[in-house]
Amino acid sequence: MRILALAVALAVVSPASAMTLARHGRAEARVFLARDAAVPERTAAAELVRYLEKATSASFRVEEEPADPFDGPAVYVGPTGFAARRGIDAATMGPEEWVLRSGRGWLVVSGGRPRGTLYAAYHLLERHIGVRWWSPHEEHVPTRHRLVLRGIDERGTPVFAYRDVYGIDGSKEFLARHFVNGDAANVPPELGGSIRGGTPWPVHSFYFLVPPTEWFRDHPEYFSERAGFRAAGRSQLCLTNPDVRDLVVGTIEARLEESAAAAAMAGVPLPVLADVSQNDWGGPCGCSRCRAAVERTGSQAGPILDFVNFVAEEIGAKRPDVLVTTLAYQYSFPPPSGTRARDNVVVRLSAFGRRDYARAVDDPANATFRDAVIGWAGVAKHLWIWDYAVTFGVERGLPLATYANYARDLRFYRAHGVEGIFTQHEYPIAGDLRDLKVWLWLEILEDPDRDPERLIREFTDGFYGRAGRLVRRYLRLLEAAQRRNPGFIDVNAVPADYGHVDLAFVTAAGRLFDRAERAVGSAPVLLRRVRHVRLSLDYATLARWDELSAEATRQGVALPLDRRGVAERYRSVWLEQIDFRLPEDERDAARAEVDEEVAEWIGEGR
């Protein structure tokens, strides 16, 4: 897998090369597709035509590039002969490198394979047509009675080679349109595909590789020694046992062969990731050899990395295209000394329990995680970050201004050689500022040099209409509350940890959202969006009711909130979003869960 990380390059040339694509509902340019176009390039042409028609009401169709030069205005998609004659050679480009170039009466939309041309089309639609994919469920396509493209000369590729997000509901098109390429996203081949795993487990794989049910009775020495005894329950593998190493290599090779055969049958690229990583709990081996490896390297990651290096060397001899992935996570979080990962090893550094999400990675409060990034960058050629946009202390989103750190964090990662980013973003209804945060994260992930303030203004004005300025005031109010009453919000945070969600914040934010709802009036789409963005505030109000009541008592004032009213609004928004976002077969269970939750709150308030 070629790792390529270049900044987006933009250069607008003379307006003399402007081209009219459509005028008053009539197409004035044709769309030609390369004669040997790959499937994602065909998708690029189809997407381009689809949105040109939506924007202009003109009728376009995709045509195969003619053998003879065409004398007329045209858009050339993919590695066309026309592009080659203009010096644009897609064969020399990286797999996600894209180019947009225009001249008098022509526009080239091209790139490397498999995703470059598709990304070029999406950049054209977003930057030059004004299309916005706000969420998997909602988009904006401007009306263009006359669509003119000025001179364009742009080229780039995403900064991070691996970009993945878990927990996005809805269509895969949304992920492709935001340049996501990781295994968890599972973007289908026609949308450019993903950098896929060749093993059926994505992570936490020790017991998939060596199942205790199959091996422990006859070979307890394959598993962790703990307190002088071998144990399989919530333990790990004995990583210094040579038989375990050979067993894991054999299992990985077999799985890679199976996945390669399946890929060949489906006509898709070979999977190139194979995971060898610790189980999702503690219990590392404490035998004398494993202890010695820990002492020698100063970290539990030492024996893990030695083990993974062995596997990667064996796998690389047969499949040099495969990267073996492992975790630096919980007990293996500290980087080891005196050792390096092989060049075909990917280390995924997890921030689980190690950072405060209310602050940027390079903030002094996050020195432990910051130093780990820097340390692992010196150990692993391929360093990826496993990050979190959710908390697991409660399966809901509470107000937190994490969005303020996105660009700063990603720039820090880039500066220290990080190549891949994976983030968990569950809770499609309950997530705090769900649509804003997902859209902003994906926009900045593709290019961390984009201005987050400008992007936030773009989203809030575009998504919330006349309420946009009030949503931005809410964001500033939230940021001020965190500065006034900072806490430590890690991945396991619970409502009691959100001290910034105090009485002053809740009451002021509530007034802002009341005004926001009035601002959009009876516009049903905008009202639904404003009601949804308020959901995490209502949840925080209910979840922190005891703390808010105690604060009011200390101030000698009556609590200026109606618990039943907040709970009923919370329930109403949930039911509205369930019908809007969830598949029909999941709705009844989700409604019952919300009804039970609200009934408990209202009962406590009596």
With distance as the sole test, does Lys172 use its side chain to make a donor-acceptor pair with the main-chain N or O of Ala185 at under 3.5 Å?
yes
Which is it for Phe422 and Trp384 under the ring-ring contact (aromatic ring centres under 6.0 Å, His included) test, yes or no, and what are the steps along the way?
CA-CA 7 Å; Phe422 169 91; Trp384 297 357; 9.6 Å; no
What is the minimum heavy-atom distance between Ala18 and Arg150, and which atoms define it?
CB-NH1, 3.7 Å
What's the separation between atom CZ in Arg42 and atom CD in Glu190, rounded to the nearest 0.5 Å?
13.5 Å
With a 4.5 Å heavy-atom cut-off, do Glu443 and Glu126 have their side chains touching?
yes
Pairing of Asp461 and Arg469 as salt bridge, 4.0 angstrom limit:
no
Does Tyr403 reach the main-chain N or O of Leu475 with its side chain, forming a donor-acceptor pair under 3.5 Å?
yes
How about Val165 and His178: do any of their side-chain heavy atoms sit closer than 4.5 Å?
no
Does a side-chain N-to-carboxylate-O contact under 4.0 Å join Arg528 and Glu138?
yes
Flag this pair as yes if the NZ/CZ of Arg177 is under 6.0 angstrom from the six-membered ring centre of Phe179 and inside a 45 degree cone about the axis; otherwise no.
no
Would you say the side chains of Glu479 and His500 form a donor-acceptor pair under 3.5 Å?
no
Closest non-hydrogen atoms of Leu503 and Pro560, given as atom of the first, atom of the second and distance, are CD1-CD, 4.0 Å
Pairwise distance CD(Glu584) to CG(Asp579) - rounded to 0.5 angstrom
9.0 Å
Under 3.5 Å, which donor-acceptor pairs do the side chains of residues 425-440 form with other protein atoms, sequence neighbours left out?
{"from": "His425", "atom 1": "ND1", "to": "Arg434", "atom 2": "NH1", "distance (Å)": "3.3"}
{"from": "Glu426", "atom 1": "OE2", "to": "Gln424", "atom 2": "NE2", "distance (Å)": "2.9"}
{"from": "Tyr427", "atom 1": "OH", "to": "Thr391", "atom 2": "O", "distance (Å)": "3.3"}
{"from": "Asp432", "atom 1": "OD1", "to": "Ser536", "atom 2": "OG", "distance (Å)": "2.7"}
{"from": "Asp432", "atom 1": "OD2", "to": "Leu400", "atom 2": "N", "distance (Å)": "3.1"}
{"from": "Asp432", "atom 1": "OD2", "to": "Lys437", "atom 2": "NZ", "distance (Å)": "2.7"}
{"from": "Arg434", "atom 1": "NH1", "to": "His425", "atom 2": "O", "distance (Å)": "2.5"}
{"from": "Arg434", "atom 1": "NH1", "to": "Glu426", "atom 2": "O", "distance (Å)": "3.0"}
{"from": "Arg434", "atom 1": "NH2", "to": "Gly167", "atom 2": "O", "distance (Å)": "2.9"}
{"from": "Arg434", "atom 1": "NH2", "to": "His425", "atom 2": "O", "distance (Å)": "3.4"}
{"from": "Asp435", "atom 1": "OD1", "to": "Arg581", "atom 2": "NH1", "distance (Å)": "3.3"}
{"from": "Asp435", "atom 1": "OD1", "to": "Arg581", "atom 2": "NH2", "distance (Å)": "3.2"}
{"from": "Asp435", "atom 1": "OD2", "to": "Arg581", "atom 2": "NH2", "distance (Å)": "2.6"}
{"from": "Lys437", "atom 1": "NZ", "to": "Leu400", "atom 2": "O", "distance (Å)": "2.8"}
{"from": "Lys437", "atom 1": "NZ", "to": "Thr402", "atom 2": "OG1", "distance (Å)": "3.1"}

Determine whether a donor-acceptor pair (N or O, by modelled atom type, separation under 3.5 Å) exists between the side chain of Tyr162 and the backbone of Asp183.
yes
Looking only at side-chain N and O atoms, does Tyr166 offer a donor or acceptor that is under 3.5 Å from a partner on Asp164?
no
Over 60° means perpendicular and under 30° means parallel, so tell me whether Phe352 and Tyr388 are parallel, tilted or perpendicular.
perpendicular
Member of Leu410, Ile385, Asn181 meeting the side chain to side chain contact (heavy atoms under 4.5 Å, CB included) criterion with Phe160:
Leu410
N/O donor-acceptor pair under 3.5 Å between Arg348 side chain and Trp386 backbone
no
Please step through salt bridge (Lys or Arg N to Asp or Glu O under 4.0 Å) for the pair Arg511 and Asp514, ending with a clear verdict.
CA-CA 5 Å; Arg511 287 193 294 268; Asp514 287 342; over 6 Å; no
Under 4.0 Å between a Lys/Arg side-chain N and an Asp/Glu carboxylate O for Arg101 and Asp153?
yes
Residues Ser572 and Arg531: side-chain donor-acceptor under 3.5 angstrom
yes
Are His416 and Phe412 close enough that their ring centres sit under 6.0 Å apart?
yes
Quick one: does Trp98's side chain get under 4.5 Å of Arg155's, heavy atoms only?
no
In the structure I gave you, are the side-chain heavy atoms of Arg414 and Asp449 within less than 4.5 Å of one another anywhere?
yes
Determine whether the aromatic ring centres of residues Trp133 and Tyr51 are separated by less than 6.0 angstrom.
yes
If we only count heavy atoms from C-beta on, is the Tyr474 to Pro399 side-chain gap below 4.5 Å?
yes
Is Arg355 salt-bridged to Asp363, cutoff N-O under 4.0 Å?
no
Quick check with a 6.0 Å cut-off and a 45 degree axis cone: is Arg534 positioned over the face of Phe513's six-membered ring?
no
May I ask you to say whether Arg370 pairs ionically with Asp362, meaning some side-chain N is under 4.0 Å from a carboxylate O?
no
Distance col, row Ile444:CD1 vs Arg450:CZ, nearest 0.5 angstrom, shows 8.0 Å
Could you check whether any side-chain N or O of Ser194 sits under 3.5 Å from a backbone N or O of Arg196, counting only pairs where one atom can act as donor and the other as acceptor?
no
Side-chain donor/acceptor pairs under 3.5 Å, residues 484-492, sequence neighbours excluded:
{"from": "Arg484", "atom 1": "NH2", "to": "Asp502", "atom 2": "OD1", "distance (Å)": "3.2"}
{"from": "Arg484", "atom 1": "NH2", "to": "Asp502", "atom 2": "OD2", "distance (Å)": "3.2"}
{"from": "Asn485", "atom 1": "ND2", "to": "Gly499", "atom 2": "O", "distance (Å)": "2.7"}
{"from": "Asp490", "atom 1": "OD1", "to": "Asn492", "atom 2": "N", "distance (Å)": "2.9"}
{"from": "Asp490", "atom 1": "OD1", "to": "Ala493", "atom 2": "N", "distance (Å)": "3.2"}

Between Tyr539 and Trp574 (judged by ring centroids, cut-off 6.0 Å), do the two rings come close enough to count as a pair?
no
If only side-chain N and O atoms count, and only distance matters, is there a donor-acceptor pair under 3.5 Å linking Arg144 with Thr56?
no
Side chain Ser57, main chain Glu53, donor-acceptor under 3.5 Å:
no
NZ/NE/NH1/NH2 to OD/OE distance under 4.0 Å, Arg587 and Glu576:
no
So does Glu96 pair up with Arg163, basic N to acidic O under 4.0 Å?
yes
Leu149 and Leu107, any side-chain heavy atoms less than 4.5 Å apart:
yes
How many angstroms lie between OH in Tyr119 and OG in Ser110, if you round to the nearest 0.5 Å?
15.0 Å
Just by distance, do the side chain of Glu41 and the backbone of Ala38 share a donor-acceptor pair under 3.5 Å?
yes
Nearest heavy-atom pair of Gly170 and Pro136: which atoms, and what distance?
CA-CB, 3.9 Å
Please determine if Lys54 and Glu139 form a salt bridge, counting it only when a charged side-chain N lies under 4.0 Å from a carboxylate O.
yes
Report yes if some heavy atom in the side chain of Val566 is under 4.5 Å from a heavy atom in the side chain of Arg569; otherwise report no.
yes
I'd like to know if the side chain of Glu28 and the backbone of Ala22 have a donor-acceptor N/O pair within less than 3.5 Å.
no
Non-hydrogen atoms of Val573 and His532 that approach each other most closely:
CG1-CA, 3.9 Å
Quick check: do Val418 and Ile421 have side-chain heavy atoms less than 4.5 Å from each other?
yes
Inspect the contact between Glu453 and Arg457 and indicate whether a charged nitrogen and a carboxylate oxygen are less than 4.0 angstrom apart.
no
Short question: side chain of Ser549, backbone of Trp545 - any donor-acceptor pair under 3.5 Å?
yes
Hey, what's the ring geometry for Phe369 with Tyr413, parallel, tilted or perpendicular (30° and 60° as the breaks)?
perpendicular
Verify whether one side chain among Glu597 and Tyr570 offers a donor that lies under 3.5 Å from an acceptor in the other.
yes
Polar side-chain atom of Gln482 near backbone of Ala401 as donor-acceptor pair, under 3.5 Å:
yes
